[in-house]
2 protein chains.
Amino acid sequence: MGNTVKQLAVLGSTGSIGQQTLEVVRALPHKFHIIGLAAGGNTDLLAKQINEFKPRFVYHQNRESQAHLANAEYELLPLEEIASHPQVDAVVIATSGKTGLSPTLAAVKAGKKICLANKEPLVMAGEIITSEARLNAAQILPIDSEHSAIWQCLEGETQPATRLILTASGGPFRGYSPTQLDEVTAKQALKHPSWQMGTKVTIDSATLMNKGLEVIEAYWLFDMPFENIKVLIHPQSIVHSMVEFIDGSIKAQLSYPDMRLPIQYALSYPERLPNPQLPRLNWDNISNLTFEQPDLDTFPCLRLAIEAGMKGGTYPAVLCAADEVAIDLFLSGRIKFADIAKVVEQTLEQHQVTGHPTLEEIMTADAWAREKALQLITGDNLCGLP
Amino acid sequence: MGNTVKQLAVLGSTGSIGQQTLEVVRALPHKFHIIGLAAGGNTDLLAKQINEFKPRFVYHQNRESQAHLANAEYELLPLEEIASHPQVDAVVIATSGKTGLSPTLAAVKAGKKICLANKEPLVMAGEIITSEARLNAAQILPIDSEHSAIWQCLEGETQPATRLILTASGGPFRGYSPTQLDEVTAKQALKHPSWQMGTKVTIDSATLMNKGLEVIEAYWLFDMPFENIKVLIHPQSIVHSMVEFIDGSIKAQLSYPDMRLPIQYALSYPERLPNPQLPRLNWDNISNLTFEQPDLDTFPCLRLAIEAGMKGGTYPAVLCAADEVAIDLFLSGRIKFADIAKVVEQTLEQHQVTGHPTLEEIMTADAWAREKALQLITGDNLCGLP
């Protein structure tokens, strides 16, 4: 650290976390330099980012765009090569869904510092990724606000925590009855009350699937049994999570809901850096922090995720795949909001699990689950969800 | 640390913090051993404690009791000698008012580990105590729940904090108007809504003087400018204090209001120890944490203390002395609750400050302030408080 400039690769640079990562880099140019950028469909924005940050390595998912972008002075590389390149000090995995799995694995094998925002890599392949990280002395630094909060609270503690308390805003439909939930539209589900996020994670927040994925992530990141990971609804999204210690003392981390803080913490760790753009909590305006238990009956995705995590093996990969398919179907108006949980549940029920799966077995389970989830809707079972 | 048993001296063992310290020791006999006990007027309880813990060193403020207690097998020593004895690993300063000043100074000069519950030593002589502590590598470990919270939140952070947020329950008269306050009795003032404490600190909590003393303590303990120490009323007494860092991130420490936790943390530091007697927060029953600004007009003692702290020199010692006298007068029914602040304010107004005072100058200021405060009530100014 000290005065050296960190060379960062940002995978998923045009997404919400990717753009906010670049905002942090813009605010702290003497600390961070962008050496790699990778993006999905948003070619225009990627072109602008390339123009501004002049990275040495670029990836774009669209082959034509690759060719189009290839005019400038950088090297076009696959995601995995950027993530593991010797010149990269830290890689920000800000991709969505399973896209981040393969580059995350490449980065841990290369012993990199990995700032991880994409949940699916750890959820789908937590055992492989964490054991490869140990083997190669790779550091996985969480960017999720909840895991960043836990990580900050654990800093300096010499003994393991006894309990993790993950907070959840409860999403836009907190307090809804199952009947009310049946009527909600994609537009409503995409309006999150406290966080600005990408499409998939916003829907996952509305179903509480997001919190379930975070529980599985926490299990892998902090080596904490599922029984000792508690989810607590906290609508103000000020307390980002809490950690309980062996003497009963609890530490919490607080801030306004602004992803730039956990992003910056992961980038600057073990330092904290001053950044005038990061807001300070104004206690003149904070009078009430509320907490309630999650409603697992109305929001079954949270329960499904925790169960899949506890069962382990290929179940979490199936959970992720079925969820991705179900969200696409919901956003395109083909299933109702409540059907997301049903698609996931039925796909999990029909899955033949493989314990301690290889990456190939995880990919096979993923492909099977996508097909199965689609079949549940489009095949014989069209509209036949119970 | 490890498996060695810590030899503890507890000064003020029959008071509230003293008794709770012995409870912690009872719960963890393989970790702590009582080598010294010292108490004020409560001879019966001290005799029981001696019988149970069989300390090697004893002090009792009453000479006759000293003789009475002298039958058993221990050495009668002055407070200062117990606090600085080579066989003592850590000394718990759980005395009240200015009693703790001299033994605290003896302990820092002997380079001891000092678990400090008594506020006045640092408030009255913070400059001397902290510079002697640095000189002799003594460790001052705070037992106040607020300072323990801040200390826990700072643990593992590599950079200084930017702001401390001390929480306060607000005491039994939170929300009272000045007129309502005029009518309150000693009995009402002694009923604290969330903490079980000694008499003096309970009245100090009702006037918010206690929080003012804590602000001055925090200034010395954490080297934080007064401008960056904020007081926030939090009636539930669950969040014990918070620390803000350079990136805007805030850490908070939470638990039920139970002094055994900060006591144990100071005793066991840098370890945390399991103790089934310490309660765990039950989030099924915590739905609301509220925060509000303190009312400095109705509770002027908080303002007076912070002002005295900022002005420095002998002012804080005068503040403490006048406050002790005023509380005695209030408890004996000679002045009204609101007069406590008036006695303190008028004493401070008439004080000729000495900057960077020696211990002797502090004691002179203390004696002057006690006399002046009494004069304000009993002399020409009898009942003449504005």
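Note on naming: letters A, B, ... go to the chains in the order of the sequence lines (proteins, then strands), and numbering restarts at 1 for each one. Note that these values count all heavy atoms, side chains included, but never hydrogens, waters or copies made by symmetry. Note that the structure is predicted; figures quoted are calculated from it, not measured.
Results of the side chain to side chain contact (heavy atoms under 4.5 Å, CB included) test with A:Cys115 over A:Ile143, A:Ile17, A:Ile263 single out A:Ile143 as the only residue that passes. Each of A:His240, A:Arg272, A:His147 was evaluated against A:Gln152; a single residue qualifies, A:Arg272, per the side-chain hydrogen bond (donor to acceptor under 3.5 Å, both in side chains) test.
Among the candidates A:Leu278, A:Ile233, A:Asp284, the residue making the largest number of heavy-atom pairs closer than 4.5 Å to chain B is A:Asp284. Between chain B and the residues A:Lys230, A:Glu244, A:Arg260, A:Gln159, the largest count of heavy-atom pairs under 4.5 Å involves A:Gln159. For the options B:Ser249, B:Pro262, B:Ser255, heavy-atom pairs under 4.5 Å to chain A are most numerous at B:Ser249. Taking B:Ile246, B:Leu273, B:Leu281, B:Ile286 one by one and counting their heavy-atom pairs under 4.5 Å with chain A, the maximum is reached by B:Ile246. Listed options B:Gln264, B:Arg163, B:Met242 were ranked by heavy-atom pairs under 4.5 angstrom with chain A; first place goes to B:Met242. In terms of heavy-atom pairs under 4.5 Å with chain A, the best-connected choice from B:Gly156, B:Pro274, B:Cys153 is B:Pro274. Annotation: maximal heavy-atom pairing with chain B below 4.5 Å, among A:Thr162, A:Val243, A:Ile165, A:Asp247, occurs at A:Asp247.
In this structure, no portion of B:Leu154 lies under 4.5 Å from any heavy atom of chain A. Heavy-atom distances place the side chain of A:Leu261, and not its backbone, under 4.5 Å from chain B. For A:Asp258, no part lies under 4.5 angstrom from a heavy atom of chain B. For A:Ile238, no part lies near chain B; criterion is any non-hydrogen pair under 4.5 Å. Looking at A:Gln253, both its backbone and its side chain come within 4.5 Å of chain B, counting heavy atoms on both sides.
Judged as a ring-ring contact (aromatic ring centres under 6.0 Å, His included), and not counting sequence neighbours, the contacts of B:His234 are B:Phe291. With sequence neighbours excluded, the residues forming a side-chain contact (heavy atoms from CB on, under 4.5 Å) with A:Glu155 are A:Trp151, A:Tyr265, A:Tyr269, B:Lys251, listed by chain and number.
In this structure, the side chains of B:Val10 and B:Ile34 come closer than 4.5 Å at one or more pairs of heavy atoms. Annotation: side chain of B:Leu232 is not in contact with side chain of B:Glu292 (no heavy-atom distance under 4.5 Å).
For A:Asp223, the CG atom counts as loosely surrounded, since its 6.0 Å shell holds 12 or fewer non-hydrogen atoms of other residues, nucleotides or ligands.
Contact detail for A:Ala117 and A:Ala94: the closest heavy-atom pair is CB-CA, 4.2 Å.
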